[in-house]
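Counting starts at 1 for both ligands and their atoms, following the listed order.
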Amino acid sequence: MAQSFYITTPIYYVNDVPHIGHAYTTIAADVLARYKRLKGYDVFFLTGLDEHGQKVQQAAAKGGIPPQAHCDKLAPQFQELWKRLNISNDDFVRTTEPRHKTVVQRTLQALYDKKEIYQASYTGWYCTFDERFWTEKDAVGGLCPDCKRPLDQLSETNYFFKMSKYQHWLVTYINEHPDFIRPRARRNEVLGFLQKPLEDLSISRPKSRLSWGIELPFDANYVTYVWFDALVNYISIPGYLTDEPRFHTWWPADFHLIGKDILTTHTVYWSTMLKALGLEPPKAVFAHGWWTVSGEKMSKSRGNVVDPNAMVAEFGIDAFRYFLLREVPFGQDGDFSREAFIGRINSELANDLGNLLSRTLTMIERYGDGKVPEPGEPSAMDNLLQQTAVKLLGTELDVHLNNLEFNRALEVILGLVQLANQYIDRSAPWNLAKKAEDRGRLNTVLYNVTETLRFLCLALAPFMPHAAEEMKRQLGLMLNFSKPLLSAEITWGGVLPGTEIAKGTALFPRIDTTKSQGESRVDQQQPGTPTPPMSSAGGEGQISIDDFRKVALKVGLVAAAERVPKSTKLLKLQVDIGTEKRQIVAGLGAKYSPEEMVGKRVVIVANLKPAKLMGVESQGMVLAAGDLEVSALLTTLEDVPPGSTIK
Ligand SMILES: [Zn+2]
């Protein structure tokens, strides 16, 4: 029987629409779930909504509708966003569902019967916003230590869970299980919290104060505290008390992924509740960091809340998934900015990955008649590429993903992409194609790059499901990502020679930064004012790195040169840029003769719009120094292959 893997996100509180923070946790959980399925695990991936409590009741009242109607209105916004982001959750819990409420009540009853819950009167400082009491020493200046709102002194009879009696057990447990709370800094934070005496937990709210909750089975005057209700979702949905055999295939959960703000509830409250029930704690609770936006805290009042729907509409699902996990280590805080996002798309997804796929397919079309050729004997360079690919799927991806080092995993994947691009540059298939005796070597090179792309497809599938499907389709591969493709060792040589490729559109089109920055600045400009093309960031005359990246500079090799008739300055050059030859008209004729130019390496602007000079088409521009007259041609110090990128 396959090993089980149970992963959860927090159930999100429905007092507002989903934002980037919700998307972040859910995408991370999805990548792990998809990866484990590919590894052959039986996966249960649970997410959902926390629909009870004071804040939901207040939000509903503000909207003038009953709480249930409020929840019913917001729930589809989460469900639709997850569908849109390609989230592969196996279940979606809403805490107002009977299947959950029944288990919460039976859990409360069981603890009450075991005398783990008792009634007592309590006077303390209460924060309405956070729905919790604070002790005298916490209530500095009469303000809530969490949200800084004024506290009310309140006396109330409530039910309490005997949390304090598990303090010693919990400290010992955390010390003996170094992987239980992660990353390490969070573990230390919890241990620090547990140095103070742990108090019993109030698990009830009088209905006079809060009616929107699950009623206590042993006292109809109360509903249960929202956290006691919410945390139970992790066991109610897999079948606790309703389907014990099923429950025990999933529990204890492998990972609870959470934001760092709900660390105490998930480690202290939840572990002691489980202990009192006679259940094991989850294997790991991993708390990730928070996102700021362009260096600022994200908040409604600042108007800088990142809407995942808008990001996906503008940049695509896979780019969004990629960026969130690539940009910062999962346990740390990160900053979201359009510039950084666009930079990653243009350099890593368009230039590196997308270009690798498209140039490989172009060469197979041109030199292999659209079919993957048969490889010959490998060289040392081939072996390096092969070993790097095998190591990626054999060990590296697994190590990094099991440690939730998503950024490291993507780094090694990108490393293979870059190695494959270098391999092409060094092998120079365009030169091999010129001689019949190099045919065997050409075939080997084309085969090896295609095979590397198969490894990349498999490695990227959990992160970017759409892109992996599209790569697979263009490469003509038979991969069914719903099968446990990574459950056995992936060996080199899986692509069948003769496979017909189907080159399609670019995997990740480059983002035009002039346009997108223009759009984002609409509010500062008069309608119809043209956006200056290169003055986006910084002071007068400065450009951003993204502006610079828009210029595709490449090394070209001048294969032929002649004078443009009736012109003293213009030379018509045929320039080899690796994947193709370009005709470029350049004003070099006063300084250089056509004979001098042949065989020279030049620096060209490869993405310049074609233009006609004295009736001759020019597909690019050759760079040279000089104010009015050309005084020197730009070239490279070493003999790099034609098509090499200049950056
Ligand atoms: Zn508060």
Aromatic ring proximity, centroids under 6.0 angstrom, Tyr6 and Tyr234: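 Between Tyr6 and Tyr234, which both carry aromatic rings, the centre distance is not below 6.0 Å.
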Establish, from distance only, whether the side-chain atoms of [X] and [Y] form a donor-acceptor pair under 3.5 Å.
X	Y	value
His100	Thr95	no
Thr292	Asp335	yes
Ser164	Glu199	no

Heavy-atom pair with the smallest gap, counting every atom of Thr107 and Val232: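 What the structure gives for the nearest pair is OG1-CG1, 4.2 Å.
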Of the protein N/O/S atoms, how many lie under 2.8 Å from the Zn ion (ligand 1):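 For the Zn ion (ligand 1), protein nitrogen, oxygen or sulfur atoms under 2.8 Å: 4.
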Any pair counted as ring-ring contact (aromatic ring centres under 6.0 Å, His included), so long as it reaches residues 196-220, sequence neighbours left out: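 As it turns out, the ring-ring contact (aromatic ring centres under 6.0 Å, His included) pairs with a partner in residues 196-220, which skip direct neighbours, are His52-Trp212, Tyr112-Phe218, Tyr159-Phe218.
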